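So you know, we letter chains A, B, ... as the sequences are listed, proteins then strands, and number each from 1. None of the values given here were measured: they were computed from a predicted structure.
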2 protein chains.
Amino acid sequence: MQLELSIDRSSRVPLYFQLAQQLEDAIRDGRLRPGDRIDTETELAQRLSLGRPTVRQAVQELVSKGLLVRRRGVGTQVVAAQFSRPIELTSLFDDLAAADHRPTSQVLGLRSVDADAGVALALSLPAGSTVTYLERLRLQSDEPLAIMRNWIPAGVADLDADSLASNGLYELFRRSGVHLRIADQRIGARAATRPEARLLGVKFGSPLLTMERTAFDDAGRAVEYAQHCYRADSYFFDTTLVCR
Amino acid sequence: MQLELSIDRSSRVPLYFQLAQQLEDAIRDGRLRPGDRIDTETELAQRLSLGRPTVRQAVQELVSKGLLVRRRGVGTQVVAAQFSRPIELTSLFDDLAAADHRPTSQVLGLRSVDADAGVALALSLPAGSTVTYLERLRLQSDEPLAIMRNWIPAGVADLDADSLASNGLYELFRRSGVHLRIADQRIGARAATRPEARLLGVKFGSPLLTMERTAFDDAGRAVEYAQHCYRADSYFFDTTLVCR
DNA sequence: AAGATCAATATGTCTTTACAAAGCCCGATG
DNA sequence: CATCGGGCTTTGTAAAGACATATTGATCTT
């Protein structure tokens, strides 16, 4: 493999994580190419003065990310061709900001409402509970991209229209000490209604990509139910699947 | 936690896997409910006469599936409320068969063609390479559900119309010794063309949910490029995301 | 020369042990 | 009474050792 690897034992970064990071970097920038075999776990362990379980843990990280493949009796190989970023639990705002697409939000509505049956079910709340309803239009490079409807149980986070215009919802969650952990998501498609078509600047009946999501925090508490719809001509969900 | 757990040491099923399975079952059928704390790793290990790393490995499996959350100094809790099955690297046929929806395939076309630029790029082949082109209509309970177009490089698998009518493509891959490992996928939406609308029994211009996928095998070889489109009124992609 | 067997190699599974760090509760102290 | 601090609990990280099992290739046998 002849790859420079170094472990800093004085660092507070876990050893297995240092190794995983360096291997991932090597794969991503091409020093390790698809099909290359990496050193055996025993060799790596000896070379870096680590225990084999530590090396295994590092390799396991990359296997579960789909970058490496292990085969017993054979060795561990680099598998990745090219890959897109997996669907992650980030907000659309964060995604677009990362891609430098000048995202902005226009808050169309922000008020307290009683949860209807569907919303209450999604958030596991008693029907009629008070929730904050939020409706936004997302713009990308001044073009309308998505309509985002969110329902947030009372007491989860302090929301105001000003902050929402320049920050993603998830950023405000983080500032309120809400740690998102897991989300159930359903992706589908449907035709645009008249008001939606007007907001998004498309024709009535145009195809929209839809996403419904319920997000849960650390404690398993439902903290957000969302219904988003995107212009089908400017948005996709990219993901990389790994077979287990 | 008072949950009946038993480990069969004579089984060839790994111990950590047995434990993970039993915990997952308990969560899925409600014996463990969201928010419940499971026994500490040390307790579990002692109770089942296992080593703590073995218990950890089992718990780790479920954490990475999003069923459990660990917090240092606190313990491990059940997090999932209700969840759908994550998007997995299985074929639509398998999905439907599992749900008992009587899937059948109608092979609309099966022939060798020269790969155009887009297909060649997706499969990392030289432009003009020979590939097998396959077009199918998927029916669910006798209702048209999806149009599936696939391009498979020559020599990957033996395909014939008869087998394809009653088996999923991925099943035929398995029989040819092709082990799928990873796939890049893009989900979007668009309007139905006239021929598509006719095949699917919807109106021209109706919204369709689309999925583009390139699948790779063990060795990192691209073995399939697919363009599927689904009736938006009868199909969704469900997924559970875990924040890392 | 072809097939079967065996040895070498690499990952897979499991145990025991040890210490570190984070969170929580409770008691001591100002 | 409030706050700080310490100790307990629990998960996080790491080591070294042992045996199991799949794969490959070389050797032996027929």
Side-chain angles (χ1 to χ4, degrees), chain A residues 1 5 7-23 35-64 67-79 177 179 181 217-220 244, chain B residues 1 5-23 35-64 67-79 177 179 181 217-219 244:
Chain A
M1 184 174 72
L5 295 169
I7 298 296
D8 175 9
R9 299 194 85 99
S10 68
S11 161
R12 263 124 42 257
V13 178
L15 307 183
Y16 79 91
F17 195 84
Q18 292 183 37
L19 177 53
Q21 200 72 58
Q22 290 182 47
L23 287 174
D36 282 358
R37 279 228 308 272
I38 67 171
D39 285 345
T40 67
E41 298 171 354
T42 324
E43 273 168 7
L44 276 176
Q46 209 156 47
R47 188 140 69 87
L48 300 169
S49 305
L50 296 173
R52 188 178 152 223
T54 307
V55 173
R56 261 186 89 70
Q57 197 175 353
V59 172
Q60 183 54 45
E61 288 263 313
L62 300 184
V63 167
S64 68
L67 295 172
L68 296 177
V69 176
R70 288 207 263 224
R71 279 190 292 168
R72 191 193 300 207
V74 178
T76 304
Q77 284 178 301
V78 178
V79 76
H179 297 100
R181 183 57 62 151
D217 73 356
D218 268 2
R244 292 196 279 211
Chain B
M1 182 175 73
L5 295 168
S6 62
I7 298 295
D8 176 8
R9 300 194 82 99
S10 69
S11 161
R12 261 124 44 256
V13 177
L15 307 184
Y16 79 90
F17 195 82
Q18 292 183 38
L19 176 54
Q21 199 73 57
Q22 290 182 47
L23 287 173
D36 282 358
R37 278 229 308 271
I38 67 172
D39 285 345
T40 67
E41 298 171 354
T42 325
E43 272 167 8
L44 276 176
Q46 210 155 46
R47 186 141 70 88
L48 300 169
S49 305
L50 296 173
R52 189 179 153 224
T54 307
V55 173
R56 260 187 88 70
Q57 199 176 352
V59 172
Q60 183 54 45
E61 289 264 311
L62 300 184
V63 168
S64 68
L67 295 172
L68 296 177
V69 176
R70 289 205 263 223
R71 279 190 289 170
R72 192 192 304 207
V74 179
T76 304
Q77 284 178 302
V78 178
V79 75
H179 298 99
R181 184 57 61 155
D217 72 357
D218 269 1
R244 292 197 281 205

Visitor: Identify each atom pair where a protein N or O and an N or O of nucleotides 9-15 of chain D are less than 3.5 Å apart, giving names and distance.
Guide:
| residue | atom | partner | partner atom | Å |
| --- | --- | --- | --- | --- |
| D/dT10 | O2 | B/G73 | N | 3.1 |
| D/dT11 | OP1 | B/T76 | OG1 | 3.4 |
| D/dT11 | OP2 | B/E41 | N | 3.1 |
| D/dG12 | OP2 | B/R56 | NH1 | 2.7 |
| D/dG12 | OP2 | B/R56 | NH2 | 3.0 |
| D/dG12 | OP2 | B/R70 | NE | 2.9 |
| D/dG12 | N7 | B/R52 | NH2 | 2.9 |
| D/dG12 | O6 | B/R52 | NH1 | 3.2 |
| D/dT13 | OP1 | A/Y16 | OH | 3.2 |
| D/dA14 | OP1 | A/L15 | N | 2.3 |
| D/dA14 | OP2 | A/L15 | N | 3.4 |
| D/dA14 | OP2 | A/Y16 | N | 3.2 |
| D/dA15 | OP1 | A/R9 | NH2 | 3.0 |
| D/dA15 | OP2 | A/G51 | N | 2.8 |
| D/dA15 | OP2 | A/T54 | OG1 | 2.3 |

Visitor: Can you confirm whether B/Q21 is buried at CD, in the sense that more than 12 heavy atoms of other residues, nucleotides or ligands lie under 6.0 Å from that atom?
Guide: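 Yes, enclosed.
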Visitor: Show, in sequence, the C-alpha distance, side-chain angles and deciding distance for B/Q60 and A/Q57, and conclude whether the side chain to side chain contact (heavy atoms under 4.5 Å, CB included) test is met.
Guide: CA-CA 12 Å; B/Q60 183 54 45; A/Q57 197 175 353; over 6 Å; no
Visitor: Let me see the working for B/L44 and B/L5 under side chain to side chain contact (heavy atoms under 4.5 Å, CB included), right down to the final yes or no.
Guide: CA-CA 9 Å; B/L44 276 176; B/L5 295 168; 3.8 Å; yes
Visitor: Rounding to a whole Å, what distance do you find between A/L44:CG and C/dA10:C1'?
Guide: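 Distance check: A/L44 CG to C/dA10 C1' gives 13 Å.
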Visitor: What distance do A/I7 atom CD1 and A/L15 atom CG have between them, rounded to the nearest 0.5 Å?
Guide: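 Answer for the CD1-CG pair, A/I7 versus A/L15, is 6.0 Å.
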Visitor: Could you please spell out the steps behind the side chain to side chain contact (heavy atoms under 4.5 Å, CB included) verdict for B/V55 and B/E43?
Guide: CA-CA 10 Å; B/V55 173; B/E43 272 167 8; over 6 Å; no
Visitor: Starting at CD of B/Q46 and ending at P of C/dT16, how long is that distance when rounded to a whole Å?
Guide: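 Distance check: B/Q46 CD to C/dT16 P gives 11 Å.
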